[in-house]
Number of protein chains: 2
Amino acid sequence: MRYFVAVAEELHFGRAAQRLGIAQPPLSRAIGRLERRLKAVLLERSSRAVTLTEAGAVLLREARAALEAVEAAERRTRRAAHAPAGQAGVVLVTKAGASSELLAKLLDAHAAEPDAAGVDLLLCGMGEQGPMLRDGRADVALLHLPFDTTAGLDTEELCTEGQVAILPAGHPLAGRPHLRTADVTGLPGLPMPRWPGPDGTYPAGPGPRARDHAQLLQLIALGRACWIAPESCRTQLRAGLAAVPVPDAPTVTTVIAWPPHSRSRAVADLVRTAIRVTS
Amino acid sequence: MRYFVAVAEELHFGRAAQRLGIAQPPLSRAIGRLERRLKAVLLERSSRAVTLTEAGAVLLREARAALEAVEAAERRTRRAAHAPAGQAGVVLVTKAGASSELLAKLLDAHAAEPDAAGVDLLLCGMGEQGPMLRDGRADVALLHLPFDTTAGLDTEELCTEGQVAILPAGHPLAGRPHLRTADVTGLPGLPMPRWPGPDGTYPAGPGPRARDHAQLLQLIALGRACWIAPESCRTQLRAGLAAVPVPDAPTVTTVIAWPPHSRSRAVADLVRTAIRVTS
DNA sequence: GGGCGGCGATACCGCACGGGTATCGGCCCA
DNA sequence: TGGGCCGATACCCGTGCGGTATCGCCGCCC
């Protein structure tokens, strides 16, 4: 299956074999066997190009999910076994720089519980929490709707907040009591920065490129960009930045999420604590 | 992994091997290899009994999910390939005897769409829709909250309705304009029937045993039981049965659900049609 | 148009892993 | 203390997977 996913992604047996660290002939035969076993033609080979059939597209989606599931099984088992003193730790993942206040309250409250499991914190980029939960690198996540997707996860809502525009402190708009989204999106000389997608490339278009929140804030302080962010980030603004409420921007909901089949006691405890802290 | 799940469920190498159709020694070695590969002790063998370690319990949960995922991959691919004329069909699963009116409307509306994919209908027992979606026997399901769980599924709400008590036509309560839950639950001589769990066994306690809706309705008509069910079932009541609203019973929400990673065009079409039909 | 090069399939070979049978070793129980 | 149960080990065998060499096909370019 790993083999098939590699070929389906590369659409090229040679490169796929290279990526898998095997030679090309065994790969060809493996795919052939898979096709015979499933009694399905997965790839159309036309001597110049390899294309996915409809069945192949189905298998690609499903096989990715299946591989993630077995990776998750291996990783979680390894973690459970290697945990010191039989105390199974939980890995909590969230976007770097987001919800830091809530996070601090949650970690403090959880640490204060009797017989609390250890919590390992894992910070990631935007939109990476879902894959991390699915492939077992993490057990629980803090997500921010509507930016993150909760597809396939169990969730509990924690809190909602409005958004603010982050501007250079000296900017004319920084003194306003509030702004509309339209006021901020088209500012000459203050474009929204671009973020790298999951594949590491930046979308085309104008705007400076930023890799994380620190870079973003620095760009704004330098007067090269502006941004719209949840209110709670006001507590971590550095000098040279101003925040102005944007009432018509969508409200942001922070939720705690976990893969539905892995509701271990430790995860359930953490979720309960999170709800208690925010209610 | 299949091997480990078998042993973990049987807690007995001999029986597990038998269930898997292999001999016991290869099974022992396979588990040993797995433990070495994961660097984890999964089972405690004490010459008289086999018990799961904490890591073993984690792997059992995760491995079940992973196995379901690969089963799903195989099944869906097989279906996609064997579909006649390259027209990928969708399997819609729902509880036998539930939502039949909505179902009819949905199927009619969908068949009337241009270029609609074929829909295979699959009826199942209570609470079996989740596993069916997860292991690929079905692609979309109609669920009824709060009876079914939507954990790990993407859903769209379709409709909500109150519940009614189903009583023998001649029963004294059958003439009332409405009832409370408490009026129905403790009726002498009219207990709630018991349903078999997923493992096929009946919970202990009083009440006749029923295997499906037909048996249930017959039991009620015979004056041996009563039941509380969603309003929509009134349209399919046979003679000898009466339905009385129960305003304080929880309202039932019918949702359409699908596994999040498998949002194929055909599934998306069906979901859209379902929303249109019920809005 | 013919030679060339790229690419997937096939042929053939060796090893290693998964499966089988026979047997051992520890433990409970009679 | 011996028998029976159960998992582990020993040993053997076949299949499957991986490797190298080579073929067949088809665009491309000189």
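Taking atom CZ on A/Arg15 and atom C1' on C/dC7, their separation rounds to 11 Å, with Å as the unit. The CZ-C1' distance, from A/Arg45 to C/dG6, rounds to 17 Å in whole Å. With rounding to whole Å, A/Ile31 atom CD1 is found 14 Å from D/dC17 atom C1'. Remark: P of D/dG7 and CD of B/Gln18 are 12 Å apart, rounded to the nearest angstrom. Distance CD (A/Glu44) to P (C/dC7): 19 Å, rounded to an integer number of Å. Rounded to a whole Å, the CG atom of B/Leu20 is 13 Å from the P atom of D/dG7. The distance between atom CZ of A/Arg2 and atom C1' of D/dC17, rounded to the nearest whole Å, is 13 Å. B/Leu11 places its CG atom 17 Å from the C1' atom of D/dC5, with the value rounded to the nearest Å.
Within 6.0 Å of the CZ atom in B/Arg224, the count of heavy atoms belonging to other residues, nucleotides or ligands does not exceed 12. Annotation: B/Arg276, atom CZ; neighbour count of heavy atoms from other residues, nucleotides and ligands within 6.0 Å is above 12. For CZ of A/Arg2, the number of neighbouring non-hydrogen atoms (other residues, nucleotides, ligands) closer than 6.0 Å is 12 at most.
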Name the atoms and distances for all side-chain donor-acceptor pairs under 3.5 Å in residues 120-134 of chain B, with sequence neighbours left out.
unit_1, atom_1, unit_2, atom_2, d
B/Glu128, OE1, B/Gly125, N, 3.1
B/Gln129, NE2, B/Leu142, O, 3.2
B/Arg134, NE, B/Glu68, OE1, 3.3

Exercise for review: For nucleotides 10-23 of chain C, just jot down a letter per nucleotide in 5' to 3' order: B, S or -, based on protein non-hydrogen atoms under 4.0 Å.
Suggested key: B-B-----SBBBB-
Exercise for review: Give the intermediate values and the outcome of side-chain contact (heavy atoms from CB on, under 4.5 Å) for residues B/Phe13 and B/Ile31.
Suggested key: CA-CA 10 Å; B/Phe13 280 72; B/Ile31 301 294; 4.0 Å; yes
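A salt bridge is absent between B/Glu62 and A/Arg75; no separation between the charged side-chain nitrogens and carboxylate oxygens falls under 4.0 Å.
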